[in-house]
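First up is the structure itself, then whatever we jot down about it.
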There are 2 protein chains.
Amino acid sequence: MGRPPAKPSASLDRGLLPSLLGYVLRRAQSAVFDDFANTFDKAGEALTPGEFGLLVLVDRNAGLSQMALARALGIDRSTLVPILDRLQERGLLMRHRSPTDGRTHALALTPNGEKALARFARLVRAHEKRIASQLSAAEIRVLIDLLEKVHAGARSL
Amino acid sequence: MGRPPAKPSASLDRGLLPSLLGYVLRRAQSAVFDDFANTFDKAGEALTPGEFGLLVLVDRNAGLSQMALARALGIDRSTLVPILDRLQERGLLMRHRSPTDGRTHALALTPNGEKALARFARLVRAHEKRIASQLSAAEIRVLIDLLEKVHAGARSL
DNA sequence: GAGAATTTGTTTGATCCCCAAACAATCTCC
DNA sequence: GGAGATTGTTTGGGGATCAAACAAATTCTC
């Protein structure tokens with residue numbers, strides 16, 4: 001007597017997948033991303049997690065160059081260009097000319113960008129609260145700590 | 001006495017980012033992904049984490065339809081088509097005709113695909129060992145457990 | 001200081017992931 | 001048997017990503 005013959009509603013056999021850190025990480029990440037999108041959608045705002053991180057970085061490091069920003073984000077400088085274009089078109093950010101180095105752009109948020117970032121940060125906090133709703137404060141600390149370790153460990157090859 | 005004036009080598013001010021679960025998750029995920037790619041590159045194999053997950057799912061659920069697979073992967077069925085095309089061109093997987101339902105394809109690994117998957121699984125285990133090198137076995141269990149909770153919690157909206 | 005080498009931002013080209021909408025073939029339900 | 005749903009595919013549109021080539025500007029070298 002095998003198992004009930006493929007109840008279509010039953011979820012699949014995932015084999016070793018659930019024991020793989022990479023797999024579980026990817027699923028958690030995906031769920032978090034979905035909730036992020038949902039939070040901003042419902043609030044009538046349009047922003048990706050990557051864009052939020054970028055805005056925070058520019059806000060906290062005024063005058064940053066595109067190269068430095070690309071490096072901090074871990075992406076190629078050519079990838080950054082259309083992203084900045086879009087943010088600039090939305091009036092959130094500006095590329096100023098650097099007085100000291102004619103090659104670089106000094107990035108900065110516009111006043112509008114600052115106000116928008118404040119709104120975004122409020123939404124992100126609500127989002128964070130929601131995704132961590134099943135976890136205690138101590139568990140969140142542990143989780144972040146372990147994730148940092150993974151990041152540091154894998155990075156140091 | 002402010003801090004040393006913007007040593008370019010010093011890393012940026014990330015503001016609230018490091019305290020955000022979403023952010024830390026994304027960075028860990030990215031580091032893990034990089035190590036995965038690196039592991040397969042060095043072994044002369046070409047595979048993404050997503051493709052590995054797909055192959056495991058097909059292996060463990062022979063006769064699966066494309067719809068069921070897409071649902072399990074959390075992607076649209078139209079997204080799956082070119083992915084299967086590629087895997088099929090590589091001779092790892094086949095779309096058989098279902099005897100019971102003419103609309104669906106019964107997916108299965110080829111003998112070659114099975115052998116390749118065994119090789120891939122060995123590489124993935126080595127990769128997992130490496131990214132978890134900074135963590136104890138207990139920590140890994142805790143980490144996976146907490147990530148599952150995040151996944152379940154965010155999912156249940 | 002003049003020329004060579006490097007750095008920066010941009011453009012172009014390639015690959016990939018993703019979704020939505022439309023379509024034909026097939027199945028299901030009445 | 002016919003209406004409605006399901007399945008796989010195609011097409012169209014957004015983006016993310018990198019690599020390579022380029023012009024402008026800076027830095028290095030002599």
Item to check | Spacing of B:Arg86 atom CZ relative to C:dC18 atom P, expressed in whole Å | outcome: 10 Å

Checklist entry - At their closest point, which heavy atom of B:Thr104 faces which heavy atom of B:Ser98, and how far apart are they? => result OG1-CB, 3.3 Å

Item to check | Side-chain donor/acceptor of A:Glu128 to backbone N/O of B:Gly22, under 3.5 Å | outcome: yes

Next on the checklist: Rounding to an integer number of Å, can you tell me how far A:Glu89 CD sits from D:dG15 C1'?
Outcome noted: 14 Å

Using atom names, set out every protein N or O paired with an N or O of nucleotides 9-15 of chain C below 3.5 Å, distance rounded to 0.1 Å.
from	atom 1	to	atom 2	distance (Å)
C:dG9	OP1	A:Gln66	N	3.0
C:dG9	OP1	A:His105	N	3.1
C:dG9	OP2	A:Met67	N	2.6
C:dG9	N7	A:Arg77	NE	2.8
C:dG9	O6	A:Arg77	NH2	2.8
C:dT10	OP1	A:Arg95	NH1	3.4
C:dT10	OP2	A:Gln66	OE1	3.0
C:dT10	OP2	A:Gln66	NE2	2.7
C:dT10	OP2	A:Arg95	NH1	2.8

Next on the checklist: Quick check: closest heavy atoms across B:Leu57 and A:Asp13, and the distance to 0.1 Å?
Outcome noted: CD1-O, 3.8 Å

Item to check | For atom CG of B:Leu80 and atom P of C:dA20, their distance in whole Å | outcome: 15 Å

Checklist entry - Cut-off 3.5 Å, side chains only: do B:Asn112 and B:Thr110 have a donor facing an acceptor? => result no

Checklist entry - Has B:Arg97 got a side-chain N or O lying under 4.0 Å from the OP1 or OP2 atom of C:dT26? => result no

Checklist entry - Taking for each residue the nucleotide of DNA chain D bearing the nearest heavy atom, is the 5' side occupied by A:Pro99 or by A:Ile75? => result A:Ile75

Item to check | Distance, rounded to the nearest Å, where B:Asp101 contributes CG and C:dA25 contributes C1' | outcome: 11 Å

Item to check | Rounded to 10 degrees, the angle between the two terminal axes of the helix from C:dG1-D:dC30 to C:dC30-D:dG1, each from five pairs | outcome: 20°

Next on the checklist: If I take atom CG in residue A:Leu87 and atom C1' in nucleotide D:dA16, what distance separates them, rounded to the nearest angstrom?
Outcome noted: 15 Å

Checklist entry - B:Asp34 CG to D:dA16 C1': how many Å, rounded? => result 14 Å

Item to check | Interatomic distance, B:Gln29 CD vs D:dT17 P [rounded to whole Å] | outcome: 13 Å

Checklist entry - Do B:Thr39 side-chain atoms and B:Asp35 backbone N/O form a donor-acceptor pair below 3.5 Å? => result yes

Next on the checklist: Out of the candidates B:Leu25, B:Leu21, B:Leu20, only one should pair with A:Val32 under the side chain to side chain contact (heavy atoms under 4.5 Å, CB included) rule; please name it.
Outcome noted: B:Leu25

Checklist entry - How close do B:Gly15 and B:Pro18 get, heavy atom to heavy atom, and via which atoms? => result O-CD, 3.3 Å

Item to check | Geometric class of the A:Phe40/A:Phe120 ring pair [parallel <30°, tilted 30-60°, perpendicular >60°] | outcome: tilted

Next on the checklist: Taking side chain to side chain donor-acceptor pair (under 3.5 Å) as the criterion, tell me which of A:Arg77, A:Arg103, A:Arg95 meets it with A:Gln66.
Outcome noted: A:Arg95

Next on the checklist: Without decimals, in angstroms, what is the distance between A:Asp41 CG and C:dC19 P?
Outcome noted: 14 Å

